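Everything quoted here is computed from the prediction, not taken from an experiment. Index from 1, following the sequence. Ligands are counted one by one from 1 in listed order, and the atoms in each one are counted from 1 as well.
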Amino acid sequence: MSGGNKEVRFRGIGVSPGIAHGALHVVRDELDDVLRYHIEPSQIGNEIGRFESALVQTRVQILEMQQKIAEAIGAQDAAIFDAHLLVVEDRTLIDEVLRRLEAEHCNVEWVFQEVATHYAQTLSKIDDPYLRERALDIQDVTKRIIRNLQGKAPKPFLAIGKPHILIAHNLTPSDTAGMNREIVLGIATDLGSRTSHTAILTRSLNIPAVVGLHDATQKLETGQRVLLDGYSGLVIVDPTSETLSYYGEVQIKKGQVAQALRGLRETTSTTADGRHIVLSANIELPRDVDAVGENGAEGIGLYRTEFLYLDRDTLPAEEEQLKVYREVAERVRPNPLIIRTFDLGGDKLPAGALDVGDELNPFLGWRAIRFCLENVDIFKTQLRAIIRASAVGNVKVMFPMISGLEELRRAREILEECREEIGGGAGDKMEVGVMVEVPSAAISADLLAREVDFFSIGTNDLIQYAIAVDRVNERIAHLYEPTNPGVVRLLKMIADAAHSNKIWVGVCGEMAADVALIPLLLGLGVDELSVGATSVPRVKMAVRNLSVPECQELAANALRLQTSSEILVRCLELATKRYGDLLG
Ligand code: PEP
Ligand code: MG
């Protein structure tokens, strides 16, 4: 934080370009504050449903904890949780909550907190050690039930009707996916980094965003006027008139660049010396397809289908998935649609449908292909829908988080089973690829390349795993360096393995959208770049201004350099020379 005459500046990481100016709405970690809000009589049934499912979820969590403790230290110690289970089943408590819900028409976490606190206080005042213990149990279980309830609650801040700049401690991808940029003018968060899925979504939605502001939510108040600069990662409270006029000029300049970029829509993504680089778009939601053509992309290089699961309570059935995939494939044909099978887990935990449980290291956990290979029914439902959709367009399929040949072969076997079940040669021409995003896959890319039709490099994960830097942790965001020599060597190994086996290689991680690094990727031999649709024009402009030999020379030099910053400096030199306006 820094202060001028009047204005106060908070510095974070700019993750979605643009400038927003307006009134702030602050959402502190809502799991700590139980807010009270009115519920329409028609919504009471829904509140009861949330309460019931939070009780079931709490019961399951307590039983799991009990079992772990019984295994680790013995059944006797695990018996202390019997008292917690009694709280979840306590009829007096539950009935009182239901009665007050009907009488008071407010949200169930508020009612539950009131009733449980009152109940615990009454018990703790009675001069009986057993009942006093029960009061402690109630407090403990109450917190757990409220957390579970809040996990299922519609977020009240999503219902704000007036235009505002939202600042929250953290936002999940499902909170963000539903935002409307007419109302949410800008987004800021204490946590987060460039490659978190929340940040990726802000770019898809075209909402300026700044993340990694540490404790800004503690220092800001709803109603303050702020200017949010999504380019350089600033939130400026009570901006002075000088600041406002400076940003007025920035907007004019950025507008001119945007105008020039719009003119590129119908042009191809071909280097100055004539090499065509396929330029595709990444999408998260089917509605993002509009932006694919509008921004002049040649199809979809990454469809993150797991977003179909977020924020809903039932798994999409085969027919429902088929409808969505078919529509998207039809919209982009004859260009390709690369459907990535579900990459659930990591920072994209499904809100309702699937409970993958709490993991200490979700990014190293039960994620993506690992989850699908153990939930074959879910996997097959999706594969069948993809195979059937391939009849109407240029559909390709790819598997996320492949770490070696066994996983790839098992996934292909299941795909084959689905094809046979459908019959009639369905999907026999469909290309099959893998995301190379786990270091073991990169290092053994020569083995994988023989058994797939293409590679798509997921640099978001590849970098986090290669450097051991959590991609969503703002404290270590400065260590997340795509130009780390180790990363550059991995990229080279992947590209070389692909080409020696005559398959193409793309990059669909955020590195592909960083115009400073495109010369390096082209020099390493990448054939395709797939980026968020709003980044397509900038990337196209970069590609059109570069020539392959100069990129190859840069890459050869980069492979000889010893540090991330030396490599970055070289990339920036070439990028600035060719398209300085796009940088900074
Ligand atoms: C990646 O890891 O680079 C990628 C494109 O996939 P995701 O960001 O969804 O993990
Ligand atoms: Mg990934």
[X] and [Y]: side-chain donor and acceptor closer than 3.5 Å?
{"X": "E481", "Y": "N484", "answer": "no"}
{"X": "S196", "Y": "T198", "answer": "no"}
{"X": "D190", "Y": "T217", "answer": "yes"}
{"X": "S269", "Y": "E298", "answer": "no"}
{"X": "N282", "Y": "S530", "answer": "yes"}

May I ask you to list the atoms of ligand 1 that are less than 4.0 angstrom from any heavy atom of [X]?
{"X": "L302", "value": "5 (C)"}
{"X": "D461", "value": "1 (C), 2 (O), 3 (O), 10 (O)"}
{"X": "G458", "value": "1 (C), 2 (O), 3 (O)"}
{"X": "M435", "value": "4 (C), 5 (C), 6 (O)"}
{"X": "R304", "value": "4 (C), 5 (C), 6 (O), 7 (P), 8 (O), 9 (O)"}
{"X": "C508", "value": "5 (C)"}

Between ligand 1 and E306, is the shortest N or O to N or O distance under 3.5 Å?
no
Shortest protein contact, [atom] (heavy atom only):
{"atom": "atom 8 (O) of ligand 1", "answer": "R471 NH2, 2.7 Å"}
{"atom": "atom 7 (P) of ligand 1", "answer": "H197 NE2, 3.2 Å"}
{"atom": "atom 6 (O) of ligand 1", "answer": "R340 NH1, 2.9 Å"}

May I ask you to decide if the ring planes of Y303 and Y325 are parallel, tilted or perpendicular, using 30° and 60° as cut-offs?
perpendicular
R367 heavy atom under 4.0 Å from ligand 1:
yes
For N295 and P537, indicate whether the former's side chain and the latter's backbone hold a donor-acceptor pair under 3.5 Å.
no
Whether Q321 side chain and P316 backbone form a donor-acceptor pair below 3.5 Å:
yes
Which atom of D461 approaches the Mg ion (ligand 2) most closely (N/O/S):
OD2
For the Mg ion (ligand 2), the closest N/O/S atom belonging to E437
OE1
Search all heavy atoms of S403 against all heavy atoms of S440 and return the closest pair with its distance.
O-OG, 2.8 Å
I want to know whether Y309 and F342 have ring centres closer than 6.0 Å.
yes
Is the Mg ion (ligand 2) less than 2.8 Å from an N/O/S atom of D343, whether that atom is in the backbone or a side chain?
no
Taking 4.0 Å as the limit for heavy-atom contacts, which would you say applies to N282 with ligand 1: side chain only, backbone only, both, or neither?
neither
